[in-house]
Amino acid sequence: MASKVSLKVKGKAKAGKGPKSKEQSTCELVKEWTTWAMKKTKVITHYGFIPLVILIGMNSEPKPHLYQLLSPV
Amino acid sequence: MGSSVSLAAAPPPPVAPPPALPVGLAQVLPQKAEEKGDGKAAPEKVDWLDLPCPVPYEELQREALMSLKPELFEGLRFDFMKMLNQRFALSHSVYMGSMEVPSQSSDVIKVPSSHYEFGANFLDPKLMLIGRVLTDGRMNARVKCDLTDNLALKIHAQLTNEPHFSQGMFQFDYKGKDYRSQFQIGNNAFYGANYIQSVSPHLSLGGEIFWIGHQRKSGVGFAGRYNTDKMVATAQVASTGIVGLSYVQKVSEKVSLASDFMYNQMSRDVTSTFGYDYILRQCRLRGKIDTNGVVGALLEERLNMGVTLLLSAEIDHGKKDYKFGFGLTVGE
């Protein structure tokens with residue numbers, strides 16, 4: 001009898017969790033994606049922002065020469 | 001640095017009560033009104049629909065902060081800014097000295113350190129990009145973009161190699177005819193908004209609200225600013241228990257005096273600061289004294305075309321901490 005009761009409880013619990021697990025997984029997926037995206041953005045910004053600024057600056061008018069970038073004069 | 005203190009654009013002087021209609025003899029003798037007009041500026045009627053745009057909320061206390069919180073440093077500082085273009089500049093900065101490490105006890109712990117910072121600036125009227133990177137891997141990035149005439153986007157990020165220590169903040173600013181509003185989104189689920197409105201040609205009032213998601217804390221604050229040609233007075237109250245008042249008086253073209261009062265209810269901390277700001281032709285000298293027993297001064301002297309000498313001193317009598325620094329800035 002105890003085993004029957006326990007089986008019933010398990011069945012109910014599983015049924016209860018069924019629709020919930022689907023919702024949770026989409027929420028979790030969205031959270032995972034945003035976290036992954038933020039991590040990648042952080043790494044890209046960390047390494048790429050200053051090269052981006054230099055690129056934009058070297059292409060602005062009047063165009064500076066490459067040696068001006070490195071020499072201290 | 002070295003730029004003169006610029007108070008808000010001169011608003012029209014306060015209106016005097018309109019003169020009563022001349023009766024009898026007064027009609028024949030109108031000279032008194034003319035004399036009054038010559039003596040002081042002619043009183044203008046306040047146009048309540050055409051008030052000036054207020055200062056941004058975060059710059060409410062900028063005059064006081066410029067005078068009372070100069071960038072004091074300890075050690076050697078050398079800054080070199082090289083302009084490649086009218087808009088594009090590279091900056092190199094070397095610092096050698098002792099950095100203060102925050103400690104639990106009242107002792108001051110200093111660690112000798114040095115770093116080299118490389119930076120690139122791109123300044124356009126519509127787009128501003130500033131990036132700085134240090135030798136220990138820390139990076140500081142600022143972006144300011146004018147999306148339309150009234151809407152601006154500002155991004156500020158401080159990134160480090162250590163995990164969970166990086167910070168980022170997005171700010172959307174909207175500038176109306178006589179008001180400004182701002183919405184902020186930051187990391188750690190920080191959301192904030194503030195709004196400031198010109199209520200009269202001299203007075204502007206504003207408020208802010210913020211919410212920190214991770215600690216489930218929220219706060220509300222109110223601020224007011226009253227300024228004329230000669231003085232600026234501000235007051236700020238926040239629900240975090242901080243009250244701040246400041247007053248700056250422009251004594252002459254070259255001299256400003258400032259004072260500041262801060263009360264923190266949580267830590268029962270009261271601090272009052274008094275300072276001066278002398279802007280002379282070749283130098284700028286700022287000094288301040290505190291009720292915590294801190295005396296500080298910063299001198300920026302323009303030696304030559306583009307070379308500026310910096311001397312900084314800060315003496316903390318309470319903690320017995322003495323900091324002296326010197327530096328050179330080449331370029332702007």
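All chains are named by letter (A, B, ...) in the order of the sequence lines, taking the proteins before the strands, and each is independently numbered beginning at 1. Everything numeric here is computed off the predicted structure, so don't read it as measured data.
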Cut-off 4.5 Å, heavy atoms of chain A, and the answer for B:F80 is side chain
Under 4.5 Å to a heavy atom of chain A? For B:L90 that would be side chain
When rounded to the nearest 0.5 Å, the distance separating OG of B:S166 from CE of A:M38 is 10.0 Å
Whatever's closer than 4.5 Å to a heavy atom in chain A on B:N161 counts as both
The interface call for A:L69 against chain B, heavy-atom contacts under 4.5 Å, is both
| message | Other residues, nucleotides and ligands only: do more than 12 of their heavy atoms fall within 6.0 Å of NZ on A:K63? | response | no
So CG of B:L129 and CD1 of A:I50: to nearest 0.5 Å the spacing works out to 11.0 Å
When the 4.5 angstrom heavy-atom criterion is applied to A:T41 and chain B, the contacting part is neither
Below 4.5 Å, heavy atoms only, C-beta onward: do B:V133 and A:F49 meet side chain to side chain?
-> no
Across all chains, not counting sequence neighbours, the ring-ring contact (aromatic ring centres under 6.0 Å, His included) partners of B:Y195 are B:Y179
Scanning both residues in full, the closest heavy-atom pair of A:G57 with B:N85 reads O-ND2, 3.9 Å
Checklist entry - For the side chain of A:H46 and the backbone of B:G137, is there at least one donor-acceptor N/O pair under 3.5 Å apart? => result yes
On a heavy-atom basis, the closest approach of B:F88 and A:I54 is CZ-CA, 3.7 Å
Check your understanding: How about A:Q68 and B:K82: do any of their side-chain heavy atoms sit closer than 4.5 Å?
Key -> yes
Interatomic distance, CG@B:D124 vs CD1@A:I56, rounded to 0.5 Å, equals 9.5 Å
In short, B:R87 meets A:E61 closest at the heavy-atom pair NH2-O, 4.1 Å
When the 4.5 angstrom heavy-atom criterion is applied to A:M58 and chain B, the contacting part is both
Has the side chain of A:K42 got a donor or acceptor atom that lies under 3.5 Å from a matching backbone atom of B:T160? yes
Would you say OH of A:Y47 has more than 12 non-hydrogen atoms from neighbouring residues, nucleotides or ligands within 6.0 angstrom?
no
